[in-house]
Amino acid sequence: MIFNFNDTTRFYFYREPVDMRKGIHSLYHLIKTTGNLDALNGDGYVFIGRTRKSLKVLRWQKEGFVLYNKKLELGRYSLPRQVGNTSFFEIENAILDQIVNSIKQKSNSNELHLKAMLNS
């Protein structure tokens with residue numbers, strides 16, 4: 001797992017796209033009010049932006065919040081199958097690992113040009 005969580009960490013995926021300018025306090029408020037969840041219990045809360053190029057995971061660790069952020073230069077994150085109709089749904093660690101590491105590539109001329117520039 002890229003974020004170095006342990007096997008007992010539970011993850012909850014927010015089903016709506018999120019403005020990736022949101023920081024710790026805004027995401028915490030979203031968890032608390034929209035999801036009615038306890039963000040202070042050590043679970044990870046996963047958010048993906050509208051363009052699916054950014055992913056954030058918010059988690060409480062002992063003395064404070066940690067916000068992991070990964071922004072893709074190329075490709076997009078795949079979305080997990082949504083379960084139920086609540087604003088947050090639990091996903092397995094393996095599913096989060098697939099989301100983070102199995103990136104859908106979208107090839108267009110701008111991206112191919114950028115790849116060529118980076119590889120030369």
Side-chain angles (χ1 to χ4, degrees):
M1 165 83 37
I2 192 167
F3 296 118
N4 200 22
F5 295 117
N6 62 39
D7 291 336
T8 61
T9 303
R10 293 171 46 171
F11 293 96
Y12 293 92
F13 191 90
Y14 187 63
R15 74 173 52 250
E16 299 294 325
V18 171
D19 181 347
M20 286 290 114
R21 295 175 291 182
K22 287 185 183 292
I24 290 172
H25 298 292
S26 298
L27 295 174
Y28 170 71
H29 182 73
L30 201 60
I31 295 164
K32 192 174 172 184
T33 58
T34 307
N36 290 324
L37 297 168
D38 178 14
L40 303 176
N41 63 6
D43 294 337
Y45 297 90
V46 183
F47 304 89
I48 288 187
R50 181 186 52 80
T51 63
R52 296 190 358 238
K53 293 181 88 47
S54 294
L55 176 135
K56 288 186 176 184
V57 179
L58 182 65
R59 182 171 183 233
W60 177 264
Q61 289 182 331
K62 295 181 185 176
E63 58 278 330
F65 281 108
V66 177
L67 183 61
Y68 300 90
N69 185 13
K70 184 172 180 182
K71 182 173 174 149
L72 300 175
E73 293 299 320
L74 300 172
R76 300 192 188 295
Y77 289 110
S78 299
L79 297 177
R81 185 176 60 83
Q82 296 186 3
V83 179
N85 59 359
T86 59
S87 53
F88 286 89
F89 58 92
E90 188 171 359
I91 60 173
E92 297 175 14
N93 295 15
I95 300 296
L96 180 57
D97 194 44
Q98 286 178 350
I99 292 169
V100 171
N101 295 309
S102 300
I103 299 161
K104 286 187 177 178
Q105 291 293 331
K106 177 185 173 191
S107 295
N108 68 33
S109 60
N110 289 341
E111 289 177 338
L112 292 176
H113 180 68
L114 180 58
K115 281 183 186 177
M117 288 176 43
L118 293 174
N119 292 329
S120 58

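Numbers here simply count residues along the sequence, with the first being 1. Keep in mind that what you see is a predicted model, and the values were worked out from it rather than measured.
- Both Val46 and Ile95 are members of a single hydrophobic cluster when ILVMFWY side chains are connected at heavy-atom separations under 4.5 Å.
- Nearest heavy atom pair, residue Tyr77 against residue Ser54, reads CE1-C, 3.8 Å.
- A side-chain donor-acceptor contact under 3.5 Å links Arg59 to the backbone of Gly42.
- Atom CG of Leu72 is separated from atom CZ of Arg52 by 10.5 Å, given to the nearest 0.5 angstrom.
- Tracing side-chain contacts under 4.5 Å through hydrophobic residues (I, L, V, M, F, W, Y), one reaches Ile91 starting from Ile48; they form part of the same cluster.
- Rounding to the nearest 0.5 angstrom, the gap separating the CD atom in Glu92 from the CD atom in Gln98 is 9.0 Å.
- By the neighbour-count criterion of 12 heavy atoms within 6.0 Å, atom CG of Asp19 is densely surrounded, having more than that number from other residues, nucleotides or ligands.
- Applying the ring-ring contact (aromatic ring centres under 6.0 Å, His included) test between Phe88 and each of Tyr14, Phe11, Phe13, Tyr12 identifies Tyr14 as the sole match.
- Summarising the geometry of Lys22 relative to Val18, their closest heavy-atom pair is CD-CG1, 3.7 Å, with the distance given to 0.1 Å.
- The shortest distance between side-chain heavy atoms of Phe47 and Met20 falls below 4.5 Å.
- Listed here is the closest heavy atom pair of Val66 and Gln61: CG2-OE1, 3.0 Å.
- Summarising the geometry, atom CD1 belonging to Ile31 is positioned 10.0 Å from atom CG belonging to Asp38; distances are rounded to the nearest 0.5 Å.
- Of the candidates Val57, Leu37, Leu27, Leu37 is the only one forming a side chain to side chain contact (heavy atoms under 4.5 Å, CB included) with Tyr45.
- Between Val100 and Lys70, the shortest heavy-atom contact is O-NZ, 3.7 Å.
- In terms of heavy-atom proximity, Glu73 sits nearest to Lys53 at O-NZ, 3.6 Å.
- Listed here is the closest heavy atom pair of Lys56 and Asn69: CG-OD1, 3.7 Å.
- Rounding to the nearest 0.5 angstrom, the gap separating the CG atom in Leu58 from the OH atom in Tyr68 is 10.0 Å.
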